[in-house]
Protein chains: 2
Amino acid sequence: MTHHYDLLERLRAQGHRLTPQRDMILLAVHDAGGHASAEEIHQQVLLQNPNVDLSTTYRTLELLTEMGIVYRTDMGDGTSRYELAEEEMHHHLVCRRCGRVMDLSHDVLEPLQERLRADYGFAADFTHMVFQGLCEGCHGESTGEP
Amino acid sequence: MTHHYDLLERLRAQGHRLTPQRDMILLAVHDAGGHASAEEIHQQVLLQNPNVDLSTTYRTLELLTEMGIVYRTDMGDGTSRYELAEEEMHHHLVCRRCGRVMDLSHDVLEPLQERLRADYGFAADFTHMVFQGLCEGCHGESTGEP
DNA sequence: TTTCGTGCAAACCTTTTGCAGAGTG
DNA sequence: CACTCTGCAAAAGGTTTGCACGAAA
C-alpha cells in the first residue's frame, strides 16, 4: 500500500500546500479503514489536534476526492462515506436489518457492467457500489418483512 | 394502471383520512411519471392550491411510502425521488455528465441478484436501483474524464 | 512576501417536528 | 363530536461559504 507521505507529495506536485491538517485528515481516512463519515474522520483528527475545524475536514475531503485520492460513497443514510481510493476496488453489501457491511469483490459486477455497455451504451461507474438487502443471518430468521 | 381513486381508498381502508391534500399529492406523483423530488411534487401541488405546505407534502409522501403506494429512491444528489410503486419494477441509469436518466428493466439485474444470493447469502433489495455513469452520447464525446 | 489554507461564525438545503386550529369520518 | 391532518414556524442534521488572520512556499 502506498504510504500516505507519497499521497501528500501528490498534493504538493499539483500546487497544493502540505499542511499538518491535511496530513492528519488523510491519515485518519487511512486509519478508519473504509466507509467512514466526515464526522468520524473529524473526531479522529480532534484526538491529535482539538483545534481543527470541521469545515477544514470537509474542504480537505473534497480536495482529496477531486484528486482521486479518496472515494466518496453515498451509503443512503444521508451522510457521505470516505475511503482511500488506492485500495482494491470493491463494493458493499449493507444489511438493512442488522447493519452489517460486507465487501463484495468487483468481478461479481463485471457481467452486469458489460451488459449495460452492450445493451444500453452506458458506461457505469462501478466504483464502490452499495447494495441494500438482508444478509444470510437476517434473511433466514426473517418471517417476512421487518 | 390502477386509478388513483383506488389508491386513495386504500388510505381510508387503513384508517387514514382522505383529504384533498393527499389527493393532490398522490396525483402529482402520478403525473410526474417517475423520479420526482419532494420539491417538484410540491410545486405541482401548489398550482392547484397555493396554501398546501411543504411539510404536508413530506408527511404525505412518507405515509404513501410506508403504505407501499410510492417508492422512495436516493438518486445520490442529496434529495429523495418518488414514484408510484405500481409501475413495473425498473431501475435507473443516470448520466453524470448530462444528467439524462434512462430506465433499466429488472431482468438485467436478475443474474447479479442470483449470484449475490448464491455466493454471499445476501438477498439484495433490487427495487429501483440507481447506477451512475456516462450515457452513450457523453461516453463517445468524452476525451477522458470531465 | 505572496498566496493559499485555516478557524470561526453564519448560511444553506433538505427534511423533521411542536403546536393550535381546521376538517374528516 | 372525536380525533386526525394541516399550516405555520422553528429546529435539526449534514454540508458549504465569507471573511480576516496565520502559515507554506
Side-chain angles (χ1 to χ4, degrees), chain A residues 5 7-29 32 35-46 48-67 69-70 72-82, chain B residues 5 8-29 32 35-46 48-67 69-82:
Chain A
Y5 290 140
L7 297 175
L8 291 171
E9 271 315 310
R10 282 178 56 189
L11 281 180
R12 194 180 300 161
Q14 298 202 19
H16 302 290
R17 292 184 178 171
L18 210 166
T19 66
Q21 289 90 336
R22 288 176 174 174
D23 188 344
M24 289 186 282
I25 290 165
L26 182 55
L27 192 57
V29 174
H35 38 80
S37 68
E39 185 60 42
E40 287 164 353
I41 290 163
H42 185 236
Q43 286 303 320
Q44 185 61 34
V45 169
L46 288 183
Q48 270 192 262
N49 180 342
N51 297 314
V52 177
D53 195 77
L54 181 56
S55 68
T56 298
T57 300
Y58 273 107
R59 282 190 272 231
T60 299
L61 289 172
E62 167 86 33
L63 174 65
L64 295 174
T65 300
E66 278 173 4
M67 294 185 64
I69 291 175
V70 311
R72 192 200 328 250
T73 308
D74 183 348
M75 282 284 194
D77 66 343
T79 67
S80 292
R81 304 303 174 122
Y82 301 85
Chain B
Y5 289 140
L8 290 172
E9 269 316 310
R10 282 178 57 189
L11 281 179
R12 193 181 299 160
Q14 297 202 19
H16 302 290
R17 291 185 177 170
L18 209 166
T19 66
Q21 290 90 336
R22 288 175 175 174
D23 188 343
M24 289 186 281
I25 291 166
L26 181 54
L27 193 56
V29 173
H35 38 80
S37 68
E39 184 60 41
E40 286 163 353
I41 291 163
H42 186 235
Q43 287 303 320
Q44 185 61 35
V45 170
L46 289 183
Q48 271 192 263
N49 180 342
N51 298 315
V52 176
D53 195 78
L54 181 56
S55 68
T56 298
T57 299
Y58 272 107
R59 282 190 272 231
T60 299
L61 289 172
E62 165 88 32
L63 175 65
L64 295 174
T65 300
E66 278 172 5
M67 293 184 65
I69 291 176
V70 311
Y71 279 139
R72 191 197 332 246
T73 307
D74 183 348
M75 282 283 193
D77 66 344
T79 67
S80 292
R81 304 301 174 123
Y82 301 85

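Note on naming: letters A, B, ... go to the chains in the order of the sequence lines (proteins, then strands), and numbering restarts at 1 for each one. Below, all heavy atoms of this structure are taken into account, side chains as well, without hydrogens, waters or symmetry copies.
- Regarding B/Q14, its CD atom lies at a distance of 18 Å from the C1' atom of D/dC3, rounded to whole Å.
- Five base pairs at each end of the helix from C/dT1-D/dA25 to C/dG25-D/dC1 define two local axes, and these are offset by 30° (rounded to 10°).
- Between the C1' atom of D/dT16 and the CD atom of A/E62 lies a distance of 10 Å, rounded to the nearest Å.
- Put simply, the side chain of A/R72 does not reach to within 4.5 Å of the side chain of A/R81, judged on heavy atoms.
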Discussion item. Does the protein touch nucleotides 20-25 of chain D at the base, only the backbone, or not at all? Give it as B, S and - per nucleotide, heavy atoms under 4.0 Å.
Written reply: ---BBS
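- Partners of B/E39 under the salt bridge (charged side-chain N to carboxylate O under 4.0 Å, His left out) rule, at least two apart in sequence or in another chain, do not exist in this structure.
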For residues 54-61 of chain B, which side-chain N or O atoms pair as donor and acceptor with protein atoms under 3.5 Å away, sequence neighbours left out?
{"from": "B/S55", "atom 1": "OG", "to": "B/D53", "atom 2": "OD2", "distance (Å)": "2.7"}
{"from": "B/S55", "atom 1": "OG", "to": "B/R59", "atom 2": "NH2", "distance (Å)": "3.2"}
{"from": "B/T60", "atom 1": "OG1", "to": "B/T56", "atom 2": "O", "distance (Å)": "2.9"}

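- Scanning for side-chain contact (heavy atoms from CB on, under 4.5 Å) contacts around A/N49 gives A/M24, A/N51, A/V52, with sequence neighbours left out.
- The NE2-P distance, from B/H42 to C/dC13, rounds to 17 Å in whole Å.
- Checking the phosphate oxygens (OP1, OP2) of C/dG7, a side-chain nitrogen or oxygen of A/Q21 falls inside 4.0 Å.
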N/O to N/O distances under 3.5 Å, protein versus nucleotides 12-14 of chain D:
none

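- Legend: residues meeting salt bridge (charged side-chain N to carboxylate O under 4.0 Å, His left out) with A/R10, ordered by chain and number and at least two apart, are absent.
- Atom CG in B/D23 sits about 15 Å away from atom P in D/dC5, given to the nearest Å.
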Between the protein and nucleotides 17-21 of chain C, list every N/O to N/O distance that falls short of 3.5 Å.
{"from": "C/dG18", "atom 1": "O6", "to": "B/R59", "atom 2": "NH1", "distance (Å)": "3.4"}

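- Atom CE in B/M24 sits roughly 13 Å away from atom C1' in D/dG7 (whole-Å rounding).
- Evaluated for a side chain to side chain contact (heavy atoms under 4.5 Å, CB included) with B/I41, the options B/L27, B/I25, B/L46, B/V70 yield exactly one hit, B/I25.
- The CG atom of A/L61 sits 10 Å away from the P atom of D/dT15 (whole-angstrom rounding).
- For A/H16, the ring-ring contact (aromatic ring centres under 6.0 Å, His included) test picks out no residue, with sequence neighbours left out.
- Listed by first and then second residue, the salt bridge (Lys or Arg N to Asp or Glu O under 4.0 Å) pairs that reach into residues 14-29 of chain A come to none, sequence neighbours excluded.
- Atom CG in A/D74 sits roughly 15 Å away from atom P in C/dT14 (whole-Å rounding).
- Not a single ring-ring contact (aromatic ring centres under 6.0 Å, His included) links B/H42 to another residue, sequence neighbours left out.
- Applying the salt bridge (charged side-chain N to carboxylate O under 4.0 Å, His left out) test to B/E66 and every residue at least two apart in sequence or in another chain returns nothing.
- A distance of 7.5 Å separates CD in A/E62 from OH in A/Y82, rounded to the nearest 0.5 Å.
- Put simply, CG on A/L54 is 12 Å from C1' on C/dG7, counting in whole angstrom units.
- Panel note: side chain B/Q48, backbone B/V45; no donor-acceptor pair is recorded below 3.5 Å.
- Residues A/E9 and A/R12 are in side-chain contact: their nearest non-hydrogen atoms beyond the backbone lie under 4.5 Å apart.
- Looking at heavy atoms from C-beta onward, B/L11 lies in side-chain contact with B/M67 at the 4.5 angstrom threshold.
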